[in-house]
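Below is one structure; the comments refer to it alone.
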Amino acid sequence: MNFENVNLLNSRVNMLSGNLLPIASDNLRFSVIWRTYSAAIWLIQLTHTIALIFGIIMASKENGLKGSTHTILLTIEALFMLTRLYSHKRLMEEMIQKMNTILQNTDEIMKDIIKSAIKPIIVPFIIYGVISMISIIIYHAKQPIILVFEKFIFFYVNCNLLATFSSEPFSNNAMISSTVLKIVGTIYLFLKKFGMDVYMMHLVLMLTAQYRYTATKLAILFRDLQIYNESRKEHYPMENRRIERELRKLCLHQNIVLNMSFILKKLLSVNFSLLYINNVLRFCFIGIILSTVPLMNIAEGISVTIFGIGTLTQFFVLCSSVQTLSDASTKITDKAFDEGWYQLGPSLKRIFILLIISNNLECKIAAIGKFNLSLPSFMTVRFIVCTEETDIKF
């Protein structure tokens, strides 16, 4: 078991999106073919972004911003966050190396905890990814496909998203090439953002599993001690020495986990605060678009609604995962406190008390305290969107 193979979704999406973020302590795992593929995707993204900017400039201000606002926000978010991750590549490799060192000598308890931590996000992420790509294809392809068979000359008002190098009016070929560029460029842009989200949540949940492992092992250790003492009716020095060795191992493990939590804060705090701010803007934009669904045709209305639901699901998964990490970091000794720790010697009791104090070191990943991913944050954003939709209706 290692950082790469415990989550196949992360490994595959990381390569398919062309992000090629580190999944090992070095980057030798990516072949020349995957590096070439990544360069080709970045070239497609560059062409798509330039075409998008050109289309906004050439079109009227209202029409350009209406069709491109969400894509602009997504592009800025993806580029900024990926740039930050690439610039902290050494931190990622350091954390992966520490994680793999722990996983080299893993036991069945560790395996079960890691699987239980990662499994809940796999299906929601897959559903979000599939329905989002389907909605992107429907939204950008349906109208141009119909118009190509009806017209020979096209204008900017015929495009949902402006991404063209031609001035209006333009021909069938220009319309088809623009549509293909929009669909391919937007799908790969989404894949980059999607792959980055999966990667960051993989880091978060792997750290969550380590906190849970410490809590579970502590509880098992003290429970076994209590059962042993009750069965023997007296204390044995040999058993106490074994408990002391195991407890000190857990302390060393917890020190590594705390070190990894500091690395993760440096790595993701700015990205998570940006995610919060950008999701507020994104949901405000989606709220406005959803209010115009009755004016759309059936295919566009369905695609926009599905995309809105998928985006809401994605944001909930992000907030829930980070909330899980925060909870796990403050509940290390909760299970063990109900077991037989009071039967330990004075020196081991002091160690356990230090572990209790470490519960105050909450792993909260945010550059700005109020702009953090958590379930309360999710409810706040949801309330803002619902309020905005109500204001638009009235």
Side-chain angles (χ1 to χ4, degrees), residues 4 7-23 27 29-31 33-53 68-89 91-92 96 121-122 124-137 139-141 161 163 180-204 267-268 270-279 281-282 285-286 307 310-311 313-315 317-318 321 373:
E4 179 182 356
N7 187 349
L8 293 179
L9 176 65
N10 175 60
S11 302
R12 290 170 181 173
V13 174
N14 185 41
M15 292 188 291
L16 184 62
S17 64
N19 289 340
L20 300 189
L21 294 166
I23 52 178
N27 61 352
R29 300 225 173 210
F30 299 118
S31 64
I33 296 175
W34 281 114
R35 292 175 183 274
T36 305
Y37 171 78
S38 177
I41 291 177
W42 279 111
L43 183 60
I44 291 172
Q45 285 304 304
L46 178 62
T47 306
H48 176 249
T49 303
I50 294 174
L52 181 66
I53 295 172
S68 308
T69 303
H70 181 261
T71 305
I72 292 171
L73 286 175
L74 188 61
T75 302
I76 294 173
E77 178 183 348
L79 288 177
F80 179 84
M81 294 173 68
L82 277 172
T83 300
R84 274 197 57 83
L85 289 177
Y86 288 139
S87 65
H88 292 81
K89 185 178 178 180
L91 283 179
M92 288 188 286
I96 292 170
I121 72 163
I122 300 298
F125 263 126
I126 291 175
I127 293 174
Y128 162 65
V130 172
I131 65 175
S132 294
M133 285 193 287
I134 291 174
S135 66
I136 288 171
I137 293 172
Y139 184 76
H140 293 303
L161 175 65
V180 171
L181 179 61
K182 284 189 296 182
I183 294 173
V184 174
T186 307
I187 285 177
Y188 273 116
L189 176 61
F190 168 77
L191 277 176
K192 284 193 170 294
K193 174 64 171 60
F194 178 69
M196 182 173 53
D197 288 343
V198 173
Y199 185 87
M200 291 191 297
M201 289 307 103
H202 183 56
L203 288 171
V204 167
L267 186 62
L268 301 181
V270 175
N271 280 5
F272 280 3
S273 291
L274 178 64
L275 266 175
Y276 176 86
I277 296 170
N278 212 4
N279 271 286
L281 299 176
R282 179 180 290 114
F285 174 77
I286 291 176
F307 183 77
T311 304
T313 302
Q314 175 240 14
F315 187 54
V317 172
L318 296 179
S321 299
L373 297 180

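Values below: all heavy atoms of this structure, side chains included; hydrogens, waters and symmetry mates excluded. Predicted model only: the values in this text are computed from it and were never measured.
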Problem set entry | Approximate separation, where rounding is to 0.5 Å, of Met200 CE and Met92 CE | 11.0 Å
Problem set entry | Validation row: Phe315, Leu275 side chains within 4.5 angstrom (heavy atoms) | no
Exercise. Which atom names give the shortest non-hydrogen contact between Val270 and Arg84, and what distance separates them?
Worked result: CB-NE, 3.5 Å
Exercise. Taking all atoms of both residues into account, what is the closest heavy-atom pair of Pro124 and Val317, and its distance?
Worked result: CB-CG2, 3.7 Å
Exercise. If you look at every heavy atom in Val198 and Asn10, which pair is closest and at what distance?
Worked result: CG1-CA, 3.7 Å
Exercise. Mind checking whether Tyr86 and Leu21 have side chains closer than 4.5 Å, heavy atoms only?
Worked result: yes
Problem set entry | Heavy-atom closest contact (Glu4 atom, Ser11 atom, distance) | O-OG, 2.8 Å
Exercise. Taking C-beta and beyond as the side chain, do Ser132 and Phe190 meet within less than 4.5 Å on heavy atoms?
Worked result: yes
Problem set entry | Inter-residue atom distance Ile187.CD1 - Lys182.NZ, 0.5 Å rounding | 12.5 Å
Seminar exercise, completed: Value for CG (Leu181) from CD1 (Ile44), rounded to nearest 0.5 Å, stands at 9.0 Å
Exercise. Can you check whether Gly185's main-chain N or O pairs, donor with acceptor, with Gln45's side chain at less than 3.5 Å?
Worked result: yes
For this session: For the pair Phe80 and Asn278, evaluate side chain to side chain contact (heavy atoms under 4.5 Å, CB included) and give the outcome as yes or no after the intermediate values.
Result: CA-CA 12 Å; Phe80 179 84; Asn278 212 4; over 6 Å; no
Exercise. Should Tyr276 and Ser273 count as side-chain neighbours, where that means a heavy-atom distance under 4.5 Å?
Worked result: no
Exercise. So, for Phe30 and Met15, which heavy atoms are closest and what is the spacing to 0.1 Å?
Worked result: CE2-CG, 3.9 Å
Seminar exercise, completed: Residues Trp42 and Gly18: closest non-hydrogen pair is NE1-O, 3.9 Å
Exercise. Taking side chain as C-beta onward, heavy atoms only, is Phe125 less than 4.5 Å from Met201?
Worked result: yes
Problem set entry | Distance (rounded to the nearest 0.5 Å) between Asn7 CG and Tyr199 OH | 11.5 Å
Problem set entry | Parallel, tilted or perpendicular, as decided by the 30° and 60° cut-offs, for the rings of Tyr188 and Tyr37 | perpendicular
For this session: Compare all side-chain heavy atoms of Leu79 with those of Thr49 and state whether any distance is below 4.5 angstrom.
Result: no
Problem set entry | Within 6.0 Å of CD1 in Ile33, more than 12 heavy atoms from elsewhere | no
Problem set entry | Value rounded to 0.5 Å, distance of OG in Ser38 from CG in Asn14 | 9.5 Å
Exercise. What is the distance from atom CD1 of Ile41 to atom CG of Leu46, rounded to the nearest 0.5 Å?
Worked result: 14.0 Å
Exercise. Does some side-chain heavy atom of Gln314 sit less than 4.5 Å from a side-chain heavy atom of Asn279?
Worked result: yes
For this session: Take Thr313 and Ile131 through the test side chain to side chain contact (heavy atoms under 4.5 Å, CB included) and record every step on the way to the result.
Result: CA-CA 11 Å; Thr313 302; Ile131 65 175; 6.0 Å; no
